[in-house]
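For the numbers below, each heavy atom of this structure counts, side chains included, while hydrogens, waters and symmetry mates do not.
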Amino acid sequence: MKPPLSAALFLLCLASAAMADSGPSSSPLKARQVCSACHGKDGNSASDQFPRIAGQRAAYVASALRAYRAGLRNDPTMRAQAEHLSDQEIVDLAAYYGAQTGLATRRSARCGG
């Protein structure tokens, strides 16, 4: 029996987190690689399970990442991803995804709370 798609995607996210160092990521590229496991290479997620972050306002992405890092937004997976990001890495990630072109989606999705 095949596991549900959401379970497989969740495991993919966990695996990408496990590949990351326990400390801050060493480069914006490394941080983007971790994000891309769920949100897609350019922030356009291929799955409705994860929101599209390409084309989001950089200030919104930065605010969301800071809130996940501080535990103010409730999503264990995102908290684990954000808790090791430095302030500069958050700014860099937000700028990168804000500069990407967001593709149309079938529905709006939110990551976490």
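Counting all heavy atoms, side chain and backbone alike, C38 lies closest to S45 at O-OG, 3.4 Å. Residue D75 comes nearest to Y68 through the heavy atom pair CB-CE2, 3.8 Å, listed as atom of the first residue, atom of the second, then distance. In this structure, C35 and Y97 approach most closely via the heavy-atom pair CB-OH, 3.3 Å. In plain terms, the two heavy atoms of L85 and R69 that are nearest each other are O-NH1, 2.9 Å. When all heavy atoms are compared, the tightest approach of V61 to Q56 is CG2-CB, 3.6 Å.
Partners of A58 under the side-chain contact (heavy atoms from CB on, under 4.5 Å) rule, at least two apart in sequence or in another chain, are A94. Partners of R79 according to the side-chain hydrogen bond (donor to acceptor under 3.5 Å, both in side chains) rule, which considers only residues two or more places apart in sequence or in another chain, do not exist here.
Looking at H39, its side chain does come within 3.5 Å of a backbone N or O of P51 through a donor-acceptor pair. Put simply, the side chain of N44 gets close to the backbone of L103: a donor and an acceptor are under 3.5 Å apart.
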Check step by step if side chain to side chain contact (heavy atoms under 4.5 Å, CB included) holds for L65 and M78. CA-CA 8 Å; L65 286 171; M78 283 302 300; 4.0 Å; yes

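The salt bridge (charged side-chain N to carboxylate O under 4.0 Å, His left out) pairs that include a residue from residues 56-68 number zero, where partners must be two or more places apart or lie in different chains.
Here OG of S47 is found 14.5 Å from CZ of R52. Values are rounded to the nearest 0.5 Å.
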